[in-house]
S.K.: 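I have a structure I would like to understand better, so I am pasting it below and will then ask my questions one at a time.
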Amino acid sequence: MCLAIPGKLIEIFDENSLRMGLVDVNGTTTRVCLEYLPDIRVGQYTIIHAGFALKIVDEEEAAESLRLWTELIDRGAFDIDGDPPSPLAM
């Protein structure tokens, strides 16, 4: 399963000749490669997958995506020890 999550770029730096960034995802920061988004700037939102920033998104789209992630988590979609949530309950 491929999952991508939105986050806000809070820092840009170079590492081993790669353009890298620090992204805040709901209060947790993670390092990502920015090579696919040469025009992204600090303060913008991006979609992250497998350590790469893939697309610039606006704040509203990022907020909606994070709201849906929270809803899935609250309904147990990622509880690997329990039964998956019923699609009818969502």
Side-chain angles (χ1 to χ4, degrees):
M1 177 188 320
C2 297
L3 301 174
I5 54 174
K8 184 177 184 178
L9 182 61
I10 57 176
E11 182 182 341
I12 297 173
F13 55 92
D14 289 328
E15 183 176 289
N16 299 324
S17 301
L18 293 174
R19 188 168 187 249
M20 300 291 292
L22 192 61
V23 175
D24 181 332
V25 179
N26 255 358
T28 299
T29 56
T30 188
R31 295 160 35 116
V32 299
C33 180
L34 302 174
E35 289 292 323
Y36 293 138
L37 298 176
D39 297 330
I40 192 167
R41 302 289 177 249
V42 169
Q44 289 184 302
Y45 288 82
T46 180
I47 297 294
I48 305 162
H49 174 68
F52 290 87
L54 300 177
K55 177 184 174 186
I56 297 171
V57 296
D58 63 33
E59 186 172 357
E60 183 176 313
E61 183 177 354
E64 176 63 11
S65 181
L66 287 172
R67 185 190 67 73
L68 293 171
W69 274 102
T70 300
E71 187 175 315
L72 285 170
I73 291 167
D74 290 346
R75 292 176 184 245
F78 303 105
D79 181 7
I80 59 173
D81 295 328
D83 293 330
S86 167
L88 299 176
M90 297 190 143

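For clarity, every value in this text was computed on a predicted model and none was experimentally measured.
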S.K.: Is there any salt bridge (charged side-chain N to carboxylate O under 4.0 Å, His left out) pair reaching into residues 43-60, and which pairs are they, with sequence neighbours excluded?
M.R.: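 Of all non-adjacent pairs touching residues 43-60, none passes salt bridge (charged side-chain N to carboxylate O under 4.0 Å, His left out).
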S.K.: Can a donor-acceptor pair be found, under 3.5 Å and without considering hydrogens, that links the side chain of Ser65 to the backbone of Glu61?
M.R.: no
S.K.: Consider only side-chain heavy atoms of I, L, V, M, F, W and Y, link residues closer than 4.5 Å, and tell whether Ile5 and Leu72 are in one cluster.
M.R.: yes
S.K.: Hey, can you pull the donor-acceptor pairs under 3.5 Å for the side chains in residues 31-41, sequence neighbours left out?
M.R.:
residue, atom, partner, partner atom, Å
Arg31, NH1, Glu15, OE1, 3.0
Arg31, NH2, Glu15, OE1, 2.6
Arg31, NH2, Glu15, OE2, 2.5
Glu35, OE2, Arg19, N, 2.6

S.K.: Using residues 20-29 as the side-chain source, report each donor-acceptor pair under 3.5 Å to any protein atom, sequence neighbours left out, with the distance given to one decimal.
M.R.:
residue, atom, partner, partner atom, Å
Asp24, OD1, Asn26, N, 3.4
Asp24, OD1, Gly27, N, 2.7

S.K.: Assigning hydrophobic clusters by single linkage (Ile, Leu, Val, Met, Phe, Trp, Tyr; side-chain heavy-atom cutoff under 4.5 Å), is Ile73 placed with Ile47?
M.R.: no
S.K.: Mind checking what makes side chain to side chain donor-acceptor pair (under 3.5 Å) contact with Glu64, not counting sequence neighbours?
M.R.: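 Residues passing side chain to side chain donor-acceptor pair (under 3.5 Å) with Glu64: Arg67.
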S.K.: Starting from Leu68 and following side-chain heavy-atom contacts under 4.5 Å between hydrophobic residues (I, L, V, M, F, W, Y), which residues can be reached?
M.R.: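 Traced through the cluster, Leu68 reaches no other member.
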S.K.: Which residue pairs pass the ring pair (Phe, Tyr, Trp, His ring centres under 6.0 Å) test when at least one of the two sits in residues 3-33, sequence neighbours left out?
M.R.: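 Those involving residues 3-33 do not exist here.
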S.K.: If you take all heavy atoms of His49 and Ala4, which pair is closest and at what distance?
M.R.: CB-CB, 4.1 Å
